[in-house]
Amino acid sequence: MVIKMVDKTTQTKDETRASDVYDTMRDNLIRTVDEFAKVQPQYSQSISNLQLDYIQTSKNMIQTAFAAQKQFAGIWNVPAVPYGDLFTRQSNEMTNNAIRSVGINNQLTINALDAARENLKIYNRTVDAVTDFSTNVAKAWTTFFAQQQAQFARQ
């Protein structure tokens, strides 16, 4: 039995085609991701504009509703609320507590997003390390098999 040695420095047509296919697929996927990346700032700006418009609309709605209620109360001569001071104080306390809670929640959310971003960077470095390791293992096995084939060919 004769084992034919193949010089791996020159690629066959099939190897070239496979290499071309991998390169083409890689390039097409990268182009697709790049297209998503191009529009991402526009999406972010549109979402930000929508949020700002929603906030302004909410403020306008609140101001209009309370202005109308205040106007009706003046027209109908509604008497003073018996516990107005107590209600005002409790309302202020509840609002301050809600604002503090929202601030804490916002900080937690920002911290979670920052942590997710850091984890993505770590994941990216891990993928690079695993790829390097896998490539080195493949090279080692290829070298080993080439040496084994050379040894069998000499026998």
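In what follows, residues are counted from 1 in the order of the sequence shown.
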For Asn60, the side-chain contact (heavy atoms from CB on, under 4.5 Å) test, sequence neighbours excluded, returns Gln56, Gln63

task: For the pair Gln51 and Tyr54, evaluate side-chain contact (heavy atoms from CB on, under 4.5 Å) and give the outcome as yes or no after the intermediate values.
output: CA-CA 5 Å; Gln51 289 172 327; Tyr54 177 80; 5.6 Å; no

To the nearest 0.5 Å, atom OG1 of Thr131 lies from atom CG of Asn136 at 10.5 Å

In this structure, CG of Asp27 is separated from OG1 of Thr32 (nearest 0.5 Å) by 10.5 Å

| query | Side chains of Asn111 and Gln107: donor-acceptor distance under 3.5 Å anywhere? | reply | yes

| Counting only heavy atoms not in Asn28, do more than 12 sit closer than 6.0 Å to its CG atom? | yes

Can you tell me if Thr24 uses its side chain to pair, donor with acceptor, with the backbone of Asp20 under 3.5 Å?
yes

d(Tyr123 OH, Asp128 CG) to nearest 0.5 Å is 10.5 Å

I'd like to know if Leu29 and Val21 are part of one continuous hydrophobic network [Ile/Leu/Val/Met/Phe/Trp/Tyr, side-chain heavy atoms within less than 4.5 Å].
no

Notebook entry, point to check: Side chains of Asn92 and Arg89: is there a donor and an acceptor less than 3.5 Å apart?
Noted result: no

Has Asn105 got a side-chain atom pairing as donor or acceptor with Ser101's backbone, closer than 3.5 angstrom? no

In this structure, CZ of Phe152 is separated from CD of Gln147 (nearest 0.5 Å) by 12.5 Å

When you compare the side chains of Gln40 and Ser44, does any donor N or O come within less than 3.5 Å of an acceptor on the partner?
yes

- Query: Using the ring of each side chain (for Trp, its six-membered ring), is Phe144 parallel, tilted or perpendicular to Trp141, with breaks at 30° and 60°?
  - Reply: perpendicular

Decide salt bridge (charged side-chain N to carboxylate O under 4.0 Å, His left out) for Arg117 and Asp114; before the verdict, give the C-alpha distance in whole Å, the side-chain angles of both, and the deciding distance to 0.1 Å.
CA-CA 5 Å; Arg117 188 168 180 228; Asp114 289 343; 5.8 Å; no

Here the gap from Arg100 atom CZ to Asn96 atom CG, rounded to the nearest 0.5 Å, amounts to 5.5 Å

Sequence neighbours excluded, the answer for salt bridge (charged side-chain N to carboxylate O under 4.0 Å, His left out) partners of Lys38 is Glu35

Taken to the nearest 0.5 Å, the spacing of Leu52 CG from Gln45 CD works out to 8.5 Å

Item checked: Linked, directly or transitively: Val137 and Val130 (ILVMFWY side chains, under 4.5 Å) -> no

